[in-house]
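Read through the structure below, which is laid out as structure tokens, and then see the notes.
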Amino acid sequence: MTAGRSLPARPGAAAYEAVLMDLDGTLVFSEGVHRRAWQSFFDTWGVVVTDTDYEQHYMGRRPADVIAGVPGPWTGTDPVAAVNTMTDFTLEHAGGVQAVPGAAALIERLRVKYPVAVVTSAGRRWAEHLLEKVLQVRGLIDVMITSEDITCGKPSPEGYLRACAALRALPGRSLAFEDSPSGVQALHSAGVQDIVGVTTTSTAAGLSRAGARWTVSDLTAEQLRGRTGPLSPAGAHGRKPLEERA
């Protein structure tokens, strides 16, 4: 776990105590790189995994958890070597990763009032690269929780609970952004209620079933204005469900 800086005092009354954000799929379009990395892993073992199975069992989860928990020919093997190989692959293809529209501006806007944590199933090398090189917001992130910092990845709430503890924030007083059902489930299990599902990799219906309160297609001001508490003119007391929510 790393902190970008000591937590500064926030001026005025805040609607939330913290903002929690996933990284891959939520802030950057990187799922294609991860999907290809997983496909290389599957090809090595001669396994065919459908897109539906991939979304349900692999997407948004730590590779170490998947290799240890999802039955396959890899069962019982050392997950460390596989994880390192997949990390090397993703870094080789990192040049093709782009930011989700509005992501960096949203972090800059929210960071004025709220401490921000990034909680990702990815490793630290990958997360640092994306936040520093792609989004250029690493200095605005107060706490970063990566796969190395937890014993159980999403849908376990551990990562988000650790982030809230580090930020000295209650989960129920936090605003969160996620793109995968497993990530939304992790937030919901942690006690976070105000969850924004970003439909970059999953459907609005799937994210809503997992526990998302709202869904948006990207993170631009146009998508978020009037829909989530701190981003609406009415503030936290004027919240209403998003039009896209199933």
Side-chain angles (χ1 to χ4, degrees), residues 1-8 10 16 18-35 37 59-64 83-84 86-150 153-154 158-167 169 174-180 182-183 186-187 192 195-198 200-201 216 218-221 224 230:
M1 176 168 51
T2 60
R5 54 170 69 105
S6 59
L7 301 186
R10 295 292 191 265
Y16 294 104
V19 175
L20 311 172
M21 291 184 159
D22 174 52
L23 181 55
D24 289 287
T26 299
L27 300 178
V28 296
F29 289 114
S30 57
E31 183 52 41
V33 174
H34 290 293
R35 184 67 173 94
M59 189 174 74
R61 298 184 61 193
R62 293 194 314 170
V83 170
N84 288 338
M86 293 174 68
T87 298
D88 290 340
F89 180 92
T90 53
L91 285 170
E92 287 175 8
H93 294 80
V97 175
Q98 296 182 339
V100 170
L106 176 63
I107 292 173
E108 292 171 358
R109 183 177 178 181
L110 289 174
R111 185 56 179 68
V112 173
K113 290 186 176 181
Y114 314 107
V116 176
V118 166
V119 179
T120 175
S121 298
R124 184 166 308 282
R125 286 192 297 157
W126 178 250
E128 291 280 5
H129 175 85
L130 295 182
L131 292 172
E132 181 69 34
K133 302 299 184 182
V134 178
L135 292 163
Q136 299 181 353
V137 296
R138 181 63 184 95
L140 298 178
I141 305 303
D142 296 287
V143 169
M144 182 172 71
I145 305 294
T146 65
S147 62
E148 294 92 341
D149 300 314
I150 55 177
K154 304 170 187 178
E158 181 185 350
Y160 283 114
L161 290 173
R162 284 182 176 270
C164 286
L167 293 174
S174 299
L175 173 67
F177 296 81
E178 262 282 3
D179 74 295
S180 70
S182 64
L187 285 163
V192 180
I195 305 170
V196 181
V198 187
T200 52
T201 61
V216 295
D218 59 43
L219 299 175
T220 57
L224 294 166

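As the structure is a prediction and not an experimental result, all values here were calculated from the model.
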Is there side-chain contact between Val198 and Glu178, with at least one heavy-atom pair below 4.5 Å? no
Across all chains, not counting sequence neighbours, the side chain to side chain donor-acceptor pair (under 3.5 Å) partners of Thr120 are none
For Leu20 versus Cys164, what's the shortest heavy-atom pair and its separation? CD1-SG, 3.8 Å
Starting from the C-alpha separation in whole Å, work towards a yes-or-no answer on side chain to side chain contact (heavy atoms under 4.5 Å, CB included) for Val100 and Thr220. CA-CA 9 Å; Val100 170; Thr220 57; over 6 Å; no
What's the spacing between Leu161 CG and Leu187 CG if we round to 0.5 Å? 9.5 Å
Min side-chain heavy-atom separation Pro101-Phe29 under 4.5 Å: yes
Enter the distance from Glu128:CD to Ile141:CD1 here, rounded to the nearest 0.5 Å. 10.5 Å
Ignoring hydrogens, what is the shortest heavy-atom contact between Phe177 and Tyr160? Give both atom names and the distance. O-OH, 4.4 Å
Checking Ile107, Asp22, Leu106 against Leu27 for side-chain contact (heavy atoms from CB on, under 4.5 Å), the one that qualifies is Ile107
Are the side chains of Val196 and Leu175 in touch, meaning some heavy atoms are under 4.5 Å apart? yes
Which atom names give the shortest non-hydrogen contact between Thr26 and Thr200, and what distance separates them? N-OG1, 4.5 Å
By side chain to side chain donor-acceptor pair (under 3.5 Å), which residues pair with Thr201, not counting sequence neighbours? Asp179
Closest non-hydrogen atom pair between Ala176 and Val192, with its separation: CB-CG1, 4.0 Å
Please indicate whether Gln98 has more than 12 foreign heavy atoms, meaning atoms of other residues, nucleotides or ligands, lying under 6.0 Å from its CD. no
Under a 4.5 Å cut-off applied to non-hydrogen side-chain atoms, are Leu110 and Met21 in contact? yes
Does any non-hydrogen side-chain atom of Asp149 lie less than 4.5 Å from one of Arg124? yes
Interatomic distance, CZ@Arg35 vs OG@Ser30, rounded to 0.5 Å, equals 14.0 Å
Pairwise distance CG(Leu167) to CZ(Arg162) - rounded to 0.5 angstrom: 13.5 Å
Within-4.5 Å side-chain heavy-atom neighbours: Met144 and Arg138: yes
Would you say Val119 and Lys154 make side-chain contact, with heavy atoms under 4.5 Å? yes
Roughly how far apart are Leu135 CG and His129 NE2, rounded to 0.5 Å? 10.0 Å
Side-chain donor/acceptor of Asp142 to backbone N/O of Val116, under 3.5 Å: yes
Which atoms form the tightest heavy-atom contact between Ser121 and Ser147, and what is the distance? O-CB, 3.4 Å
Does some side-chain heavy atom of Thr146 sit less than 4.5 Å from a side-chain heavy atom of Trp126? no
Please round to the nearest 0.5 Å and tell me the distance separating atom CD1 of Ile195 and atom OG of Ser174. 10.5 Å
